[in-house]
Amino acid sequence: MSVLSTVVISLEPQSPTVISLVNALSALGFKAEVFSAIDGRSAMPDLRDAESVDQKMSVLRRRSQLTTSEVGCFLSHARVIQQAFDNGVEKLLILEDDVEILAGFAEVVDAIVALPSEVDMVRLMGLKRRRRKTIATLAGSWQLVRPLRGWCGAQAYVMNRPAMAKFLRQYQTISMPVDGFYDCFWETDIRAYGVEPHVAAERKHVSSIAKPWGTMAPSRMTEIRWHMFKLYRGVLMRYYRLANFSDFYPNALPDPSIKFPRSNPD
């Protein structure tokens, strides 16, 4: 049984960018497998028997349908997680091909692997600045934090076996991008944490697995339904946070001096 499995997801497994990322991981002691992503750039990907795409729920959640690339990206992560779970992996490190490794990566990942089982998932980077509770020191100046809301992004994260099981039990009806699935912790009960400062960042080029294809302009009725559903989901999120009060409070915004490389302020 493997303790940590490292997987890079890409539609272009032989590209110089992917090879460079794999070599960088190898230099730090991580033997990475490259997983050929599910291609959704030009058509809806093939689904397995238990899988479906709920576009009505997608519109309700975010005022637009899922693009075929978003479905392909979600399925790519799902296939990697299923493979790791079937192989008895205890901790899974997933990286998309647009990731750049930053200082502290190896030390932080090693510390994450040693965390207790209640820490389901740890993002190594995020796309939003959020209020968060500082939980513990991982290594050096790097902290484990619990965001009050989703960090956004699924470019680099570590997931443990209990979280894999939660994911596999719930992902089959796809109604949001994979990072949105992780952000909805009050629905999935996947306890998602983060690393601060980040130890990974997006490269300047666009990921090969996230190219959009197809959009939908929201109608007035769609806007009304979205606002109502957003209010409902907000109530559920706040109830979950109160029910797990010590996980989220007290919290504060990150120190302005802490850099979030190539991430977007919020």
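In this structure, Arg225 places its CZ atom where only 12 or fewer heavy-atom neighbours from other residues, nucleotides or ligands lie under 6.0 Å away. No more than 12 heavy atoms of other residues, nucleotides or ligands lie within 6.0 Å of CG in Asp46, so this atom counts as exposed by the packing criterion. Atom OH of Tyr239 sits in a sparse spot, with 12 or fewer heavy atoms from other residues, nucleotides or ligands closer than 6.0 Å.
Side-chain atoms of Gln170 come within 3.5 Å of backbone N or O of Thr188 as a donor-acceptor pair. Using a distance-only test at 3.5 Å, with no hydrogens or angles considered, no donor-acceptor pair links the side chain of Arg191 to the main chain of Met121. Judged by distance alone, the side chain of Gln55 and the main-chain N or O of Leu66 form a donor-acceptor pair under 3.5 Å.
Checked options Arg130, Arg131, Arg241; the residue passing with Asn251 is Arg131 (criterion: side-chain hydrogen bond (donor to acceptor under 3.5 Å, both in side chains)).
Side-chain contact, Arg61 with Ser175: a donor N or O sits under 3.5 Å from an acceptor N or O. Between the side chains of His77 and Tyr157, at least one donor N or O lies within less than 3.5 Å of an accepting N or O.
Taking the ring centre of Phe85 as origin, the terminal cationic atom of Arg161 falls inside the region bounded by 6.0 Å and 45° from the ring axis. Under the 6.0 Å distance and 45° angle rule, Arg63 counts as a cation-pi partner of Trp226.
By the side-chain hydrogen bond (donor to acceptor under 3.5 Å, both in side chains) test, Tyr240 pairs with Asp189, sequence neighbours left out.
Of all non-hydrogen atoms in Ala200 and Ala156, the two that sit nearest each other are CB-CB, 4.0 Å. When all heavy atoms of Leu47 and Ser52 are compared, the closest pair comes out as CD1-CA, 3.9 Å. Considering every non-hydrogen atom in both Ala114 and Lys91, the closest pair reads N-NZ, 4.4 Å. Contact between Asp39 and Pro45 at its shortest, heavy atoms only, is O-CG, 4.0 Å.
Val53 and Met57 end up in different hydrophobic clusters when Ile, Leu, Val, Met, Phe, Trp and Tyr side chains are linked at under 4.5 Å.
For the pair Glu118 and Arg146, the salt-bridge criterion is not met [side-chain N within less than 4.0 Å of a carboxylate O].
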